[in-house]
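Worksheet for the structure shown next.
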Amino acid sequence: MSGQDRLTVESLSMSDVSNLLPVTPSIDQFGHIIANVAAPAFLLGAVAAFISVLVTKINRVIERAQFVHGISDDDRERSFLKNDLSRLRRRAALLNRSLYFAVIAAILTSLIIIVAFISSLLRLAHEHGVAILFTAAMLAFCASLVDLARETRIALHDNDLRI
């Protein structure tokens, strides 16, 4: 390879390297990316708080079921609470399903953030994908809220208000 050929090869490789530099995001681009993912990040925080509420409610139902199981058959004052076990099972099942849908909503919301960030970074169109993920996340969250409402309705029972 002659000196002229080496210079051309070196200049081409330097040119290729310089073409990569504009791909590196600027501070303004990072600001735009962060602005795109800020709303889903707040949504993720809200879903995480909702999951915490559901876990607390599930724990209370479990504690109540353990309390009812611990009542002896000789205790006439509280033995009527044993009839409440099937209702507690229904409540636990609804809360478990509500938690399941809330976790799905959190995963989908996390995927929104990941897709939006990577797409913005690579300058790819992501609007349709994010819209689909957002819609799916909201549907899962709505399903979770419906199950929570059903559980709350069951929870408001005379036996819960006596003790």
Side-chain angles (χ1 to χ4, degrees), residues 24-163:
T24 305
S26 68
I27 292 175
D28 291 335
Q29 288 170 318
F30 272 123
H32 180 70
I33 292 168
I34 291 171
N36 282 342
V37 299
F42 283 115
L43 176 62
L44 184 60
V47 172
F50 183 68
I51 288 171
S52 176
V53 168
L54 290 174
V55 168
T56 300
K57 286 184 71 69
I58 289 171
N59 285 336
R60 292 195 64 185
V61 169
I62 290 169
E63 288 171 1
R64 174 94 172 165
Q66 289 172 340
F67 170 77
V68 170
H69 275 296
I71 297 172
S72 70
D73 293 331
D74 298 336
D75 188 350
R76 292 179 190 241
E77 279 185 28
R78 297 184 296 174
S79 64
F80 71 94
L81 292 174
K82 292 242 183 208
N83 297 330
D84 205 31
L85 287 173
S86 64
R87 189 173 64 88
L88 289 171
R89 277 189 209 99
R90 281 195 325 256
R91 286 181 61 194
L94 285 170
L95 286 170
N96 185 46
R97 196 166 72 180
S98 179
L99 179 63
Y100 176 75
F101 283 125
V103 168
I104 288 173
I107 290 170
L108 290 171
T109 305
S110 298
L111 287 175
I112 291 169
I113 295 168
I114 291 168
V115 167
F117 193 88
I118 290 174
S119 297
S120 293
L121 193 62
L122 299 176
R123 296 181 185 157
L124 299 172
H126 64 279
E127 291 80 11
H128 295 294
V130 168
I132 291 168
L133 288 172
F134 184 78
T135 302
M138 289 297 95
L139 288 172
F141 190 64
C142 286
S144 180
L145 289 171
V146 166
D147 283 338
L148 176 65
R150 291 176 62 203
E151 184 277 333
T152 302
R153 188 164 184 228
I154 294 170
L156 294 175
H157 190 271
D158 289 340
N159 290 346
D160 285 341
L161 301 174
R162 289 185 188 180
I163 293 183

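When reading the values below, keep in mind they use all heavy atoms of this one structure, side chains included, and skip hydrogens, waters and symmetry mates.
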Residues passing the side-chain contact (heavy atoms from CB on, under 4.5 Å) test with Arg89, sequence neighbours excluded, are Leu85, Ser86
Which value, rounded to the nearest 0.5 Å, describes the distance between Ile114 atom CD1 and Thr109 atom OG1?
11.0 Å
What residues, two or more places apart in sequence or in another chain, satisfy side-chain hydrogen bond (donor to acceptor under 3.5 Å, both in side chains) together with Ser144?
Ser98
With a 4.5 Å cut-off on side-chain heavy atoms, are Phe50 and Leu145 touching?
yes
Test side-chain contact (heavy atoms from CB on, under 4.5 Å) applied to Val53 - qualifying residues, sequence neighbours left out:
Lys57
Between Leu43 and Phe134, does the side-chain contact (heavy atoms from CB on, under 4.5 Å) criterion hold? Intermediate values first, please.
CA-CA 10 Å; Leu43 176 62; Phe134 184 78; 3.8 Å; yes
Would you give the length of the straight line joining atom CD1 of Ile118 to atom CD1 of Ile113, rounded to the nearest 0.5 angstrom?
12.0 Å
Could you measure the distance from the CD1 atom of Ile51 to the OG1 atom of Thr56? Nearest 0.5 Å is fine.
12.0 Å
The reported gap from CZ in Arg91 to OG1 in Thr152 (rounded to nearest 0.5 angstrom) is 8.0 Å
Ala137 and Leu108 have their tightest heavy-atom pair at N-CD1, 3.5 Å
Distance check, rounded to the nearest 0.5 Å: Tyr100 atom OH versus Asp147 atom CG?
12.0 Å
Heavy atoms of Leu95 and Leu54 approach each other most closely as CD2-CD2, 4.1 Å
Starting at CD of Glu151, measure out to CZ of Arg87 and round the result to the nearest 0.5 Å.
9.0 Å
Measure across Leu94 and Ile154 and return the closest heavy-atom pair with its distance rounded to 0.1 Å.
CD1-CD1, 3.6 Å
